[in-house]
Amino acid sequence: MERGSTAESALEEEQLRLADRVSRQDDPSFSGGPVAGVDVVYAGDVAAACAVVIDTASFKTLVTLEHVRECHYPYVRGYFFLREGPVVMALLSQLEAGVPVLVNGNGVLHPRRCGLASHVGVLTGRQTIGVTKRLMLGHVGPRTGDWAPVIDNDETIGAALWPPGRSRPLYVSIGHRVSLPTALSIVRSATRSGLPEPLRLAHLRARDLLGRTVRSGAHRHP
DNA sequence: GCGACAG
DNA sequence: ATCTTGTCGC
């Protein structure tokens with residue numbers, strides 16, 4: 001996509017429309033239980049994705065879902081949905097309803113308040129939370145305990161969260177149908193050390209899936 | 001022009 | 001994200 005192209009502005013308008021539909025309130029409230037995470041890894045044009053659901057009481061894996069497809073969009077900052085959206089949507093269509101989903105990417109912590117997590121949240125109607133390792137936008141406000149607000153233009157668009165066993169913070173934001181305080185407690189409840197367990201496991205499983213797929217040649221077109 | 005700010 | 005060996009630290 002070229003900067004200033006009509007395709008880009010059309011997508012920006014779409015993002016603004018979707019941002020209007022994002023719910024930043026708890027619906028329903030979180031009281032423990034299962035939490036899902038999705039991650040995608042690539043080898044050229046092949047995208048391998050995995051979703052893992054864990055029980056936050058026992059940290060045991062309840063469900064693992066896999067999906068492989070080709071991806072022809074490059075990663076463009078601010079338009080992550082174009083690259084990773086379709087494969088994430090395919091995974092979520094197989095996932096049971098009612099489970100909050102952690103997404104590797106931002107929610108409303110985005111120039112148009114519509115990062116990948118919010119985008120797929122609105123399109124699927126699911127509760128989603130954005131989690132990243134690097135800050136895309138805004139500045140980190142004063143820290144209280146294990147977290148600090150991320151602020152852009154006087155608006156709190158997310159939070160920096162320092163989980164146990166990790167020196168650098170994670171950046172958590174509302175995806176859809178969740179408040180920021182609840183998003184933080186969901187991430188905390190799914191994290192033992194470092195990354196949230198559903199995302200860590202989804203990454204491992206996706207890497208494994210990609211290896212199996214490339215070795216078998218199953219992704220090639222006859 | 002330079003630097004940076006998801007994966 | 002991905003390309004890549006050994007290495008420092010909790």
Side-chain angles (χ1 to χ4, degrees), chain A residues 1 3 8 11-12 15 18-19 22 37-51 67-92 101-122 128-141 148-153 155-176 180 183 187 191-196 198-211 213-214 219:
Chain A
M1 178 193 303
R3 182 157 186 79
E8 179 178 276
L11 180 56
E12 288 180 356
Q15 289 178 332
L18 290 171
V22 168
V38 297
D39 192 36
V40 186
V41 297
Y42 302 87
D45 281 353
V46 181
C50 186
H67 185 76
V68 177
R69 69 187 295 151
E70 289 193 4
C71 172
H72 299 294
Y73 276 101
Y75 167 71
V76 180
R77 191 184 145 66
Y79 306 91
F80 193 25
F81 179 84
L82 288 182
R83 179 166 177 79
E84 204 148 298
V87 65
V88 172
M89 293 291 291
L91 267 182
L92 295 190
V101 180
L102 306 181
V103 177
N104 265 316
N106 290 307
V108 302
L109 202 170
H110 181 273
R112 289 165 295 283
R113 309 297 185 252
C114 189
L116 177 66
S118 293
H119 203 133
V120 302
V122 171
T128 56
I129 296 163
V131 180
T132 64
K133 302 175 195 67
R134 298 164 54 166
L135 185 61
M136 181 197 198
L137 179 72
H139 67 270
V140 178
V150 170
I151 298 162
D152 178 49
N153 287 325
E155 178 192 4
T156 296
I157 57 176
L161 176 70
W162 285 265
R166 187 188 163 90
S167 54
R168 305 192 311 112
L170 295 174
Y171 300 94
V172 177
S173 58
I174 291 169
H176 186 48
L180 185 56
V187 171
T191 305
R192 318 170 101 151
S193 174
L195 291 178
L199 292 177
R200 193 181 67 77
L201 294 173
H203 183 73
L204 293 176
R205 298 299 300 264
R207 276 184 52 193
D208 184 67
L209 171 62
L210 181 63
T213 303
V214 171
H219 60 290

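Each chain gets a letter, A, B and so on, in the order its sequence line appears, and its residues count up from 1. These values consider heavy atoms only, across backbone and side chains, with no hydrogens, waters or symmetry-generated copies.
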Could you tell me whether the side chain of A:Ile157 reaches within less than 4.5 Å of the side chain of A:Arg113, counting heavy atoms only? yes
Using a cut-off of 4.0 Å on non-hydrogen atoms, how would the nucleic acid contact of A:Gly138 be classed: base, sugar-phosphate, or nothing? nothing
Please identify each residue that fulfils side-chain hydrogen bond (donor to acceptor under 3.5 Å, both in side chains) with A:Asp39, with sequence neighbours left out. A:Asn104, A:His203
Could you tell me how far apart A:Leu137 (CG) and B:dA6 (P) are, to the nearest whole angstrom? 10 Å
Has A:His139 got a side-chain atom pairing as donor or acceptor with A:Ile151's backbone, closer than 3.5 angstrom? yes
Kindly express the pairing pattern of DNA chain B in dot-bracket notation, using | wherever a base pairs with another strand and counting only Watson-Crick or G-U pairs under 3.5 Å. .......
Check the side chains of A:Glu12 and A:Tyr79 for a donor-acceptor pair under 3.5 angstrom, ignoring hydrogens and angles. yes
Using modelled atom types and a 3.5 Å cut-off, is there a donor and acceptor pairing between side-chain atoms of A:His110 and backbone atoms of A:Gly78? yes
Within the 4.5 Å heavy-atom criterion, are A:Leu18 and A:Val22 side-chain neighbours or not? no
Please list, for nucleotides 1-3 of chain C, all pairs of protein and nucleotide N/O atoms separated by less than 3.5 Å.
residue	atom	partner	partner atom	Å
C:dT2	OP1	A:Tyr42	N	3.0
C:dT2	OP1	A:Tyr42	O	3.1

A:Leu109 near the nucleic acid: base, sugar-phosphate alone, or nothing, with a heavy-atom cut-off under 4.0 Å? nothing
Can you check the A:Leu170 CG to B:dG7 P distance for me, whole Å? 10 Å
Measure CZ/A:Phe80 against P/B:dG7 and give the value in whole Å, please. 7 Å
Nearest-Å distance for atom pair CZ/C1', residues A:Arg113 and B:dA6: 14 Å
Donor-acceptor pair, side chain of A:Thr128 and main chain of A:Ala117, under 3.5 angstrom: yes
With heavy-atom distances below 4.5 Å as the criterion, would you say the side chains of A:Gln15 and A:Ser118 are in contact? no
Rounded to whole angstrom units, what separation is found between the OH atom of A:Tyr75 and the P atom of B:dG7? 7 Å
